[in-house]
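See structure below.
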Amino acid sequence: MGFEPRIVGFLCNWCSYTGADLAGTSRIPYSPSIRVIRVMCSARVDPTFVLRCLSEGADGVLVCGCHPGDCHYSEGNYKALRRMALLKRLVRDFGIEEERVRLEWVSASEGKRFADVVDDMTRKIRDLGPSKVRAVLAADRAER
Amino acid sequence: MAIRANPRLIEELELYGAEDVSKCYHCGNCSAVCPFSRDPFLFPRKSMRYLQMGLEEKLKGNLDPWLCYYCGECSDECPRDAEPGETMMSLRRWLTSQYDFTGISRLFYRSWKIESAAILLVAALTGLGFWLFGSSVGSLGVYDGPGAFFPSSAIHKFDWALGFLLAGLLLVNCARMWWFSIGRDPKLRIPVSAYVRRLFLLPFHFFTQDRYRQCEKKRPWAIHLVLMLSYLTMLVLIMFFLHLVQSGPEIDWRVHAFGYLATAGLLGTTAFALYGRIRKTETHYKHSHESDWIFLILLGYVAGTGIVQHVLHRAGLNTAANITYLAHMMGVVPMLGLEVPFSKWAHLAYRPLAMYFSALQEEAMEARGRASEETARLRAA
Amino acid sequence: MGGNGKIGVFFCLEGTDTPPELNLEEVARYARNLESVVRVEVMGTRPRLDPETLAPDLKRAGIETVVVAGDSPGHFKQAFVRALALNGANPEEVRLASFREHGTVPGKLTERAKAIVACAVRDVPFGLAAVPKPVPVHPVTVVIGGGIAGIQASLEIADAGQKVILVEKSGTIGGHMAMFDKTFPTLDCAACILTPKMVAVAQHSMIDLMTYSEVQEIAGSSGAFRVKILKKARYVDPDACVACHACRDVCPISIPSEFDSGITTRKAIYMPFPQAVPNSYLIDAESCTYILSDGKKCGACLTKCAKDGIHLDEKDTVVEVEAGNIVVATGYDIFDASRIERYGYGTLPNVLTALEFERLTNASGPTGGTIVLKSKKYNKRKKAEEWVFDAEGPRPKSVVIIHCVGSRDARYNPYCSRVCCMYSLKFAHLVREKLPDAACYEFYIDMRAFGKGYEDFFERIKHEQVFVVRGRSAKVTEKDGGMVVKGEDILNDRLMELPVDMVILSVGLQPVADVESLARMFGIARDRDGWLTEMDYNLDPTATERGGIFLAGVCQGPKDIPDTVAQASAVAARILRSILSGKGQGSRADLTLEEIDARSRELAAR
Amino acid sequence: MGECRIGVYVCNCGTNIAKVVDCDAVARAAQALSGVVVARSYKYTCSTPGQETIVKDIQELGLDRVVVAACSPRMHEPTFRRALQTAGINPYFLEMANIREQCSWVHSDPRAATEKAVDLMRAAVRRVVWHEPLEKRYVDMCRTTLVLGGGIAGLTAALEIAEAGKPVVLVEKRDRLGGNVARVDLTAPYLDSARDMLRDRMEQVRKHPMIQVLLESELEALEGYVGNFKAHIRTKEGPFDTPAGAVVVCTGYQEFDASRVEHYGYGRLPNVITSFELEQMLRQGRLLTREGKPPRCVALIHCVGSRSPEYHSYCSRVCCMTALKYGHEIKSALPRCYVYDLYIDMHAFGKGCEDFYRRTAEMKTMFLMYEKGDLPRIEPAGDGDGGGMLIRIHEKLSGEDIEVPADLVVLMVGMEPREDAARVARLVNISQDKDGWFIESHPKLDPVATTTDGIFIAGACQAPKGIPGSVAQASAASARILAKLAHEKIEVDAVFAEVDDNLCSGCRMCNELCPYTAIEYDATRKRSQVISALCKACGCCVAACPSGAIKGRHFTDRQITAQIEGVLEWASSQG
């Protein structure tokens, strides 16, 4: 079996998580590569969380929030947007492909879209191959 | 090219008895329960649809009503009481009036007053004519032989003359039926061979009423068959053996046996039908158009007077016999003269014809289907 | 309020809803004596009115204001409106006196009709004139029926801290919804959304739940009812029972399970279904050998119960409770498909009703949710072959779903049952999902997908290669072992004769069998389809003429789950408002002609 | 704090989960995790016996943490929290792993799905270790209710609440009450008078001492939270502020703009009108063409803007019956006029509707069925066509191409969300579905509540509906509110942010960030502090605080990192 990426998804409780649930209730299949962590708002996603995921060996991190203007907390998603922009640059400097970190808007009614996003990201990362960090981690374990 | 819908038609058909057709919401139940409905002749639903939308031309060329024998299944099963069976019946009436080029039939169906008036008029004329004729050639006291009030030879001639006239009228109507259903449709190309091959259908269905037999209820068919055969027997007797029929007073079993059977058949069935229509025993008796009543009464009358005058003659009461005979003729002439070409009795010709034509239509359609497949295949290759 | 000039009162009957005991002549006579009425005419049933001829007629009489009175006078309004317009009079001056809308009081229709006409003549909305005096209200509410409607209403009221007595006929609450597998259009499982509510009811401190009980009699008047409730003996102590199933295993009697709508069997001592609330066994006295033989035979279960929770000597008891308000949520029965012989239900084994299929496809059903055909099995006890569902049984290759079974049909139920189209689509989806290689056909008349997200669901089904055939199929016949469904495919102009293995009949909803006696007990009228009649179709879909008695859910007319829930909550609002304000709604049925007449004069004077 | 005793419950949800995920395997995996005392797989964990097992285990095995791997927490978190409470431990010691909506329902490969389920379960176990006991807070409930919209739904909601003796502020944009119903004369299917009905309601509302009606007014802003909203309303007299305990949104619908369907030439062809225009004509008894002649034939076209891919995919629910009503009214106004009714499916589903459909058919309305995609075409007619226009339609029930003459064409325009729906949604903080209707908190069991506590929706702003439906919903919403008002105080969620004074540097970065101005700066102590009642726990500030001084209760950094480690244990354990 080929390489199956492991993606961590941070979904905002009001739009994206509901959207993901909708994908479920409407039985829209997508890749099992993603592991979802629920946060109240995309603005809660502390950049360090993303870095933590990567350092724990995640092949990608997906952050989803409400569409601009729809945020349950009026403008949390804008803040997420700004943070992610900076974060991406940081990630690049670490030598990790920035495609591994992704921010998407998924509304409560967009089950299909959520599925598409996950599939698309999985495909892209599959092409990128496993995250370098994994190799490092493996090496560490070897040393111990 | 789009066809123009005509909301007035449904109003007109009300006069022919189709009062409930507007209730239909097209669940398709009726077509599905009908034992006769099959591709490409789907009815009654489709005819009801054409009627609701007033597609007059479509309906004119539509043979479906003739393919229905009103077993009543559809009406019983109709979820909206739209009476598909009765609608088909009304369409038959309407079609009859369409085939008829004189327009008389139309008058009759739309107003029973006119029809009965016409009947009475013809009856009066017949009465007068025969009276004058009779008294000129013989005397009221004599029934048979020389000096007879109604010499069989003369009546015979008259019958034939009338026969030819009616046949003529009916033929023209049949021709129109052909034109509406086949002739005018450029898509239906039917080779002469087909016409010949299928010709047997005419006598077959005429004599056996085979299709009627296929209805789930058998009784109506049986009754109809008896009526039809009795009528035929009578017709044959009169057209070919009138002199024997009229001769007497002693009974000539060779002909009279048949006469009695036929009369019995006619009277019995008529009585049954009248009873049924009054009591509404069967679905197809529930709704009675005025024309149905008139027809039944006439038939009963004619058969009745016929047998009475016969009996009187045997009883030697010649004068009475002659008078009844006159009365009989006053029934016969309007019945044949008006009912056959212009009213209910035309179906005697239309039904077998419909079987014949529909068979031809189907053949033609299949042929066309095959042809189109062929071309499709060639295009593909 | 408005309304001047000479008034003409015209009685036009629509004929569909005219109750026989209405004496029109008397009403007409009454109308003649009303102020400024110059003309009263009884035009009969469905009169053919022509404005062109009406106009001069009205002009001659100098009539500028018309009151159209009848069971459903709106049908004739336009003719008069145009007639007035032709006369150059004010077309807005046509008023309706609708007996159907305001007059559904058994017994006193003529009196009520008079009042309605009087209000119309004075241009006073009947609703404003006929206001019963508020009554003091007892804080306890009795809810009759433990389906989703009853559950919702009870919870709403109890959450507001008011006492509720929930009376349920069967051994558990949950009603029909508990039997469903998934709910359209979202397809979330019914159990998942219903069971928490059932649990909440059981746990709620303000609800006392009386299952296996029936309301026998309602005395007293609005605000202060005395309700007699028959508590049928359960023979099993719900507090003791821990649902260990030990008793069930030894019970020799097995009869068709109501909850599985007869496709499986249950014992004489049984739990309606695993998530039943209360989660306890009960014994059905009609089939228990021990009870039928007054303790001479059997009694096997007695010894098996570790907690001695079974008391076969328990007797029915009658309790009487005081209540201020009563909620009727008695729900519906499903149409008996065997009434339509040509569908072969009852004779052909694999012709199922919707509810049977619902159970078959349900995860907690006999086959764990796999859709199979019935197969012949030898029943040792009965010593006979019988058709049963077996998880290993053959899977159907083609399934036909027939809509409108018993609905939209003059010979059975003339009305549309509202939910069948959608649940049929749901079935189609389930069939395609669980049996990808099985063909699925839907025979429908009109696809009534009207609710939020319904249309999209319909589109989705079409994309799942379900063959939707417009045309009600006419008959199901047996043909060498298999079945053949005959129907017209109207849109493709052909007759279909499909060989199929399974037929699902989308049976409609109809009033419960004992609705007649219920209606009498509550003193509420029924409409011509048999459903209980609300106070006002538009404005007051939940209240009734009998103050303090409210309708929730399908007992008032077919509804889907969202509408039922909304209505149930609406009832709660009515009741809470009466309790919180201390002003109970009096009974409009008790208002006399004089009272209404006087009040309308008052209002007209303003 | 490693030594907690955790119970893990893997729900099969009938077969909903078990059919794809190997629940027993998940349970076994749970057993192996540190701190897990018991792990069970069960058919319906949400059922009474299911919950009882949990309670029993807590009491008998002394569990202090519970993980339920089942459906979405949006569904059953409250249920299981209640179970923990009954068992006597803090409800917040629960964590759910969503292995249905986000696993078994979307994945088909059992191996991968099970693997994922295990990861999610593990994450939950790791997280729950760090859960802290939280206490619910109770706040005062303001007695006043704010109703937005003076249509039939608004009027009903206002009355229901006011009748219970609670004050109501009713805000209506227009200069009169009644909304869209005021434009209707008779209502289908019984042809009752909408006018009388509305007069009845409006009289009562106007006269009611408990209801304050604000006409020509609009909600400008809404602050606060359930029980303690503060509404800023712009009235024609100027700004008006009112506190409110709850809000009922009854903003209704607007008619679809027929001119969008150019195909039908509304606005171009003089005698093509909308249903509402026809309503007016009928009302005035002047059913005439633009030329001033009574029409000889009228065509009603259904589903204009509804059930169509390019406009609105949904069915507007009321148009079919309205069309039947018009068919009926036209016939009685002009007995010699012919009516054509062009429809797709006849939605006559309510009480008495089928009967009315039949009645209209008996009046010889000609029903013509057209295909969803293939709309009728309207063309100017020549003379002798017996009508001003010709309508061409491919009639499905006959399979023929038909043309019918028409002097007047009536477009049955559907319903659509008001153009300011989005604005309202943002103001009161609720979401809209893809069509723009407001989203209810649960389509089946909670059709009037929304995701925002204290905000309710009723009537056609939630989805197209008729009068009875709107009325029922309005009452339903009031029931919820009355239930809340019945109690002195109401519960608000225990989840909010708090500042650790020892860590806060007083940089005030958070103060600007907070969308609810819930963080204030205490100049004396030089510290920021959160006004918990205003905090909605978005966690924005938590993420932003440079010194990590702000803790988002129930979403602490520690909890989330634990979760991260949980899902990634597998990944990090292999190269």
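Chain naming here is simple, since letters A, B, ... match the order of the sequence lines and numbering starts at 1 in each.
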Name the region of [X], side chain, backbone, both or neither, that has any atom closer than 4.5 Å to a heavy atom of chain C.
X	value
D/T79	side chain
D/I152	side chain
D/L186	side chain
D/V471	side chain
D/S313	both
D/H347	both
D/P447	side chain
D/A162	neither
D/E395	neither
D/A188	backbone
D/D433	side chain

If you round to the nearest 0.5 Å, how far is [atom2] of [Y] from [atom1] of [X]?
X	Y	atom1	atom2	value
D/F80	D/R82	CZ	CZ	10.5 Å
D/L397	C/L491	CG	CG	7.0 Å
C/N413	C/C404	CG	SG	11.0 Å
D/M281	D/L287	CE	CG	6.5 Å
C/R408	C/S417	CZ	OG	10.5 Å
C/C421	C/M447	SG	CE	5.5 Å

Exercise. Any side-chain heavy-atom pair from C/R577 and C/Q585 closer than 4.5 angstrom?
Worked result: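 SC-SC contact between C/R577 and C/Q585 ruled out.
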
Select, from [options], the one with the greatest count of heavy-atom pairs under 4.5 Å involving chain C.
options	answer
D/D185, D/T156, D/I161	D/D185
D/K43, D/E101, D/R336, D/R286	D/R336
D/A463, D/S306, D/A164, D/S47	D/A164
D/A348, D/G399, D/C320	D/A348
D/R307, D/K396, D/Q284	D/R307
D/Q204, D/Q473, D/Q462	D/Q462

Just give me the residue among [options] that pairs up with chain D most often, heavy atom to heavy atom, under 4.5 Å.
options	answer
C/K583, C/K559, C/Q152	C/Q152
C/E52, C/Q556, C/R48	C/Q556
C/N362, C/V277, C/T183, C/L49	C/T183
C/L576, C/L539, C/L96	C/L539
C/R448, C/R82, C/E101	C/R448
C/G74, C/S98, C/P558	C/G74

Heavy-atom distances under 4.5 Å only: say whether [X] touches chain D with side chain, backbone, both or neither.
X	value
C/N279	side chain
C/P73	neither
C/F273	neither
C/Y444	side chain
C/V571	neither
C/I148	side chain

For this session: Look at the side chain of C/D71 and the backbone N and O of C/E14, then say whether any donor-acceptor pair between them is shorter than 3.5 Å.
Result: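 Yes; judged by distance alone, with no hydrogens or angles, the pair exists.
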
Exercise. Backbone N or O of D/F356 within a donor-acceptor pair of the D/K325 side chain at under 3.5 Å?
Worked result: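 Checked: no pair found.
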
Does any donor atom in the side chain of [X] or [Y] lie under 3.5 Å from an acceptor atom in the other side chain?
X	Y	result
D/T48	D/Q51	no
D/S475	D/E160	yes
D/K372	D/S308	no
C/N538	D/T187	yes

For this session: Apply salt bridge (charged side-chain N to carboxylate O under 4.0 Å, His left out) to C/D456 and list each qualifying residue two or more places apart in sequence or on a separate chain.
Result: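 Partners of C/D456 under the salt bridge (charged side-chain N to carboxylate O under 4.0 Å, His left out) test: D/K434.
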
For this session: For C/A570 and C/T542, work out which heavy atoms get closest and say how close.
Result: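 For C/A570 and C/T542, the tightest heavy-atom pair comes out as CB-CG2, 3.9 Å.
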
For this session: Compute the centroid of each ring, for D/F367 and then for D/Y357, and state whether the two points are separated by less than 6.0 Å.
Result: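 For D/F367 and D/Y357, the ring centres are under 6.0 Å apart.
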
